[in-house]
Amino acid sequence: MDKEKRILKRLKELADLIKKHNYNYHTLDKPQITDQEFDKLVKENDVLEKKYPDLIIEDSPNKNYGSNIKDNFKKIKHDSQMYSLANAFDNNDIKEFIKRSVKFLNLDNDDDFQYICEPKIDGLSLNLVYKNGDLISAGTRGDGFVGENVTENILNIKNIPSKLKKDFPDFIEIRGEVFLNKSDFEKLNSKLDNKSKFANPRNAAAGSLRQLDISISHSRPLKFIPHGIGKCSHNFNKIENYYDQLKNWNIAPNNLIKKCQSIEEIIKFYNQIDQKRSGIDYDIDGLVVKINSFKLQERLGYVGKNPRWAVAVKFSAEKANTIIQSVDFQVGRTGAITPVARLQPVNLGGVIISNASLHNFDEINKKKINVLDLVEIERAGDVIPYVTRLVKKNSKLNTKIKPPRNCPICNSNVLKEKDEAILRCTNTYGCSSQKIGRIIHFVSKKSLNIDGFGEKQVKQLFNLKYINKIEDIFNLDQFESEIIELDGWGKLSFNNLINSINNSKKISLDKFIYSLGIRFIGEVNAEILANEFKKLDVFISSSNNISMLENIDGLGPKAISSVLDFFSKDVNKETIKNLKNHLTITYKENKSFDNFFSNKHLVFTGALSKLSRDEAKYLAKTKGAKILSSISKKTDFLIAGEKAGSKIDKATKLGIKILNEKDFLEKINL
């Protein structure tokens with residue numbers, strides 16, 4: 001009993017001390033102890049709470065955020081979508097980014113632009129939600145809409161205050177990156193056994209943050225740097241104003257930020273950061289360039305998952321030399337046969353690389369690459385490593401790497417399509433590799449986003465014949481007794497998978513269309529189709545109407561041809577029919593569409609003076625309009641600019657109302 005009293009007393013002391021020093025650090029900005037001393041207090045508290053869970057006090061530092069050990073991470077929905085940046089790789093890409101922005105905004109040049117440039121930290125994206133100045137939640141990016149709730153795990157990150165200082169908005173989403181310094185990464189790895197060591201600081205940061213035992217997260221020196229903003233009840237004029245306010249709230253932005261006025265300044269700063277990056281104590285993989293004005297950002301908007309007003313300029317790719325030991329052929333979900341080099345393992349940017357893509361057989365012949373040759377491999381950003389060039393031939397081997405005459409998986413015929421360098425397996429619905437690829441795509445983060453159902457699990461369950469097609473994943477519960485006995489499985493992991501599958505059964509129409517894996521229907525085209533048809537049954541019934549598909553603005557001929565081909569196959573219709581029995585597929589109408597053009601079909605013709613055609617279309621879409629490429633009886637309005645063509649005559653004959661640019665801007669509330 002005396003021991004329990006002593007422990008209880010110490011837990012109360014620790015709670016008071018941690019609360020006091022948190023207040024001194026975050027609110028008063030006057031820390032009275034070092035970071036190391038504070039960490040010791042937190043670690044002692046976590047150890048005691050873990051060892052004596054029955055003695056956890058009401059004022060425990062962890063109490064407001066749940067227990068110390070969690071069974072799994074809960075999902076958390078972001079109030080506004082978390083986007084990702086498009087990549088650029090050289091000076092021409094930077095110029096193209098600015099050129100596109102100028103054209104979209106219908107400007108003569110970029111004189112009105114200011115750019116905020118900052119290093120792109122190679123870490124884990126985090127979304128912090130503050131209400132009335134209080135930290136409410138913290139979530140990972142996830143699929144951009146829903147992430148993992150890691151609120152408990154981030155409580156010890158020093159520059160994430162539990163309460164903002166004065167002049168805070170009623171509501172704000174603060175976005176940034178969680179990372180580990182290189183020096184802290186080395187210290188952490190030195191304490192781990194070889195099996196547990198992390199490959200690089202990014203993996204270490206992600207692994208440290210995503211610990212179910214939050215005491216492990218708390219014990220590791222994670223850092224946070226803000227770089228963006230989501231939903232906010234206050235309007236900032238510029239990024240620099242927002243960053244200044246972050247400093248006042250004790251959430252310091254990057255200290256290597258530079259405001260640039262021109263392309264030349266951006267390129268100069270990029271080169272400076274590239275040269276000094278080895279001396280920076282955290283990993284960076286590029287420079288983020290953002291247009292400073294929030295008003296211009298709003299006008300530029302987004303395309304798919306990328307903002308038009310920002311770009312990540314990646315540093316030159318890391319390269320290494322190694323020997324090709326053999327070449328295999330992989331078959332993807334669309335039947336594409338890719339030659340893959342099996343390499344003598346080599347360290348590239350902290351990652352051990354043993355495989356690299358050879359792209360296609362035309363590239364192999366062009367580079368004159370063969371087995372046992374010494375080659376250069378490259379890894380730019382997050383892409384799969386690939387062989388860039390031949391360094392030295394091995395004179396002992398004269399045979400060439402020849403393309404397979406049949407599919408290496410199912411032995412079916414292969415075909416090289418016109419205007420393509422890629423060889424494809426023709427057994428679309430019978431090839432096991434294509435089947436596996438479609439299932440992996442279906443359960444992936446951008447599709448159904450089923451936790452714990454990755455490539456390894458899909459291949460294992462497919463090879464054991466527990467699943468054969470994508471709808472089979474919803475019947476896995478009938479194989480519970482068999483699966484829990486497999487290596488890497490058990491009752492808990494099986495239940496977690498079934499729960500994840502059940503939690504994924506409500507899906508938006510655009511994600512469902514994307515999940516089907518139709519060629520050329522990526523996230524952007526899936527969203528275009530969802531916004532056009534709104535209901536799955538309408539999409540299916542219209543999928544063979546070529547004229548209707550051709551009239552959808554933004555949908556190209558390859559995508560249209562692919563949709564027609566997909567729905568011409570009975571096997572695909574059967575799959576969708578089966579999936580409808582398991583899924584709730586929704587289309588969420590934007591309730592902010594309270595505009596003259598809501599649900600109206602618009603066609604544009606001629607040149608506009610105040611807006612570019614692209615911006616006018618984008619603006620109309622944000623107001624709920626549908627954009628068509630040609631005049632038909634379905635058209636509600638023709639928006640006619642200067643030098644309008646024959647569309648005016650056709651609209652007049654059909655009795656379609658014609659609006660000039662001034663009318664359009666008035667109706668759209670500009």
Side-chain angles (χ1 to χ4, degrees), residues 83-120 227-228 237-240 257-274 285-317 380-381 383 522-525 527-528 553-559 604-622 627 629 639 641-643 661 664-665 670:
Y83 293 88
S84 56
L85 298 175
N87 289 332
F89 294 97
D90 54 35
N91 294 348
N92 286 332
D93 289 342
I94 300 174
K95 292 174 184 176
E96 278 301 312
F97 158 67
I98 294 171
K99 184 179 176 182
R100 287 194 305 271
S101 301
V102 168
K103 182 181 178 183
F104 187 90
L105 295 172
N106 204 28
L107 303 173
D108 294 327
N109 52 55
D110 68 329
D111 289 347
D112 293 336
F113 290 179
Q114 290 178 335
Y115 308 94
I116 294 297
C117 302
E118 56 191 293
K120 184 177 182 296
H227 55 54
N237 293 324
K238 297 179 179 180
I239 297 174
E240 58 183 312
I257 292 172
K258 182 175 176 62
K259 183 165 70 173
C260 296
Q261 304 284 347
S262 66
I263 295 173
E264 291 73 25
E265 279 190 52
I266 294 171
I267 294 172
K268 182 180 178 181
F269 185 57
Y270 168 84
N271 291 331
Q272 289 172 350
I273 294 296
D274 192 11
D285 58 3
L287 186 76
V288 177
V289 180
K290 297 183 273 195
I291 291 174
N292 194 8
S293 165
F294 280 119
K295 184 176 180 180
L296 291 180
Q297 286 186 19
E298 185 178 356
R299 284 183 61 188
L300 285 162
Y302 303 85
V303 54
K305 62 179 182 178
N306 305 134
R308 287 193 182 92
W309 43 265
V311 68
V313 190
K314 293 300 187 80
F315 292 132
S316 54
V383 299
E523 292 174 275
V524 174
N525 280 337
E527 189 175 345
I528 289 172
D553 184 68
L555 204 63
K558 285 186 177 180
F604 286 81
T605 187
L608 304 178
S609 58
K610 293 188 177 180
L611 302 174
S612 69
R613 180 90 67 88
D614 285 340
E615 185 179 3
K617 287 180 178 180
Y618 175 75
L619 196 56
K621 287 177 184 177
T622 65
I627 310 302
S629 58
I639 314 302
E642 297 176 6
K643 299 179 181 178
E661 183 177 2
F664 170 72
L665 294 176
L670 275 190

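When reading the values below, keep in mind they use all heavy atoms of this one structure, side chains included, and skip hydrogens, waters and symmetry mates.
Taking CG from D110 and CD1 from I263, the interatomic distance works out to 5.5 Å, rounded to the nearest 0.5 Å. Here SG of C117 is found 4.5 Å from CD1 of I266. Values are rounded to the nearest 0.5 Å. The distance from the CZ atom of F104 to the OH atom of Y618 is 7.0 Å, given to the nearest 0.5 Å. I528 contributes atom CD1, which lies 7.5 Å from atom CG of D553 (distance to the nearest 0.5 angstrom). Rounding to the nearest 0.5 Å gives a distance of 6.5 Å between CG of D274 and CG of N271. Separating the NZ atom in K643 from the OG1 atom in T605 is a distance of 13.0 Å, to the nearest 0.5 Å.
Although no hydrogens or angles enter the test, the distance criterion places a donor-acceptor pair under 3.5 Å between the side chain of N292 and the main chain of E240. Remark: side-chain polar atoms of Q114 are not paired, donor with acceptor, to backbone N or O of K259 under 3.5 angstrom. In this structure, N525 contributes its side chain and L555 its backbone to no donor-acceptor pair below 3.5 Å. Distance alone, capped at 3.5 Å, places no donor-acceptor pair between the E523 side chain and the K305 backbone.
Within a 6.0 Å radius of NZ in K617, other residues, nucleotides and ligands contribute more than 12 heavy atoms. Dense packing is recorded around CD of E265, with more than 12 heavy atoms of other residues, nucleotides or ligands lying under 6.0 Å away. Counting non-hydrogen atoms of neighbouring residues, nucleotides and ligands closer than 6.0 angstrom, the CG atom of D108 reaches no more than 12 such neighbours.
The shortest distance between side-chain heavy atoms of V289 and V313 falls below 4.5 Å. With contacts defined as side-chain heavy-atom distances shorter than 4.5 Å, the pair R100/R308 does not qualify.
Across Y83 and N306, no two heavy atoms sit closer than the pair CD2-N, 4.2 Å. Shortest non-hydrogen contact noted between V288 and K120 is CG2-CB, 3.7 Å. Closest non-hydrogen pair, I627 versus A620, comes out as CD1-CB, 3.9 Å. Among all heavy-atom pairs drawn from L85 and A310, the shortest one is CD2-CB, 3.7 Å. Across every non-hydrogen atom of V311 and A86, the tightest pair is CG2-O, 3.4 Å. Here the shortest heavy-atom pairing between I239 and I291 reads CD1-O, 3.5 Å.
Partners of Y270 according to the ring-ring contact (aromatic ring centres under 6.0 Å, His included) rule, which considers only residues two or more places apart in sequence or in another chain, are F315. Take F97 and apply the ring-ring contact (aromatic ring centres under 6.0 Å, His included) test, not counting sequence neighbours, and it matches no residue.
Residues E615 and R299 are paired through a salt bridge, judged by an N-O separation under 4.0 Å between the basic side chain and the carboxylate.
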>> Applying side-chain contact (heavy atoms from CB on, under 4.5 Å) to I98 and Y115, what does each step give before you reach the verdict?
In response: CA-CA 10 Å; I98 294 171; Y115 308 94; 3.4 Å; yes

>> Between S101 and L300, is the side-chain contact (heavy atoms from CB on, under 4.5 Å) condition met? List the steps.
In response: CA-CA 7 Å; S101 301; L300 285 162; 4.2 Å; yes

> Run the side-chain contact (heavy atoms from CB on, under 4.5 Å) check on K314 and D285 step by step: do they pass?
Replying inline: CA-CA 6 Å; K314 293 300 187 80; D285 58 3; 4.1 Å; yes

> Does the side-chain contact (heavy atoms from CB on, under 4.5 Å) test come out yes or no for K258 and I273, once each step is laid out?
Replying inline: CA-CA 11 Å; K258 182 175 176 62; I273 294 296; over 6 Å; no

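Of the residues listed (E118, H227, Q297), the one engaging K290 in a side-chain hydrogen bond (donor to acceptor under 3.5 Å, both in side chains) is E118, and it is the only one. Of the candidates D112, L296, D614, L611, L105 forms a side chain to side chain contact (heavy atoms under 4.5 Å, CB included) with just one, namely L296.
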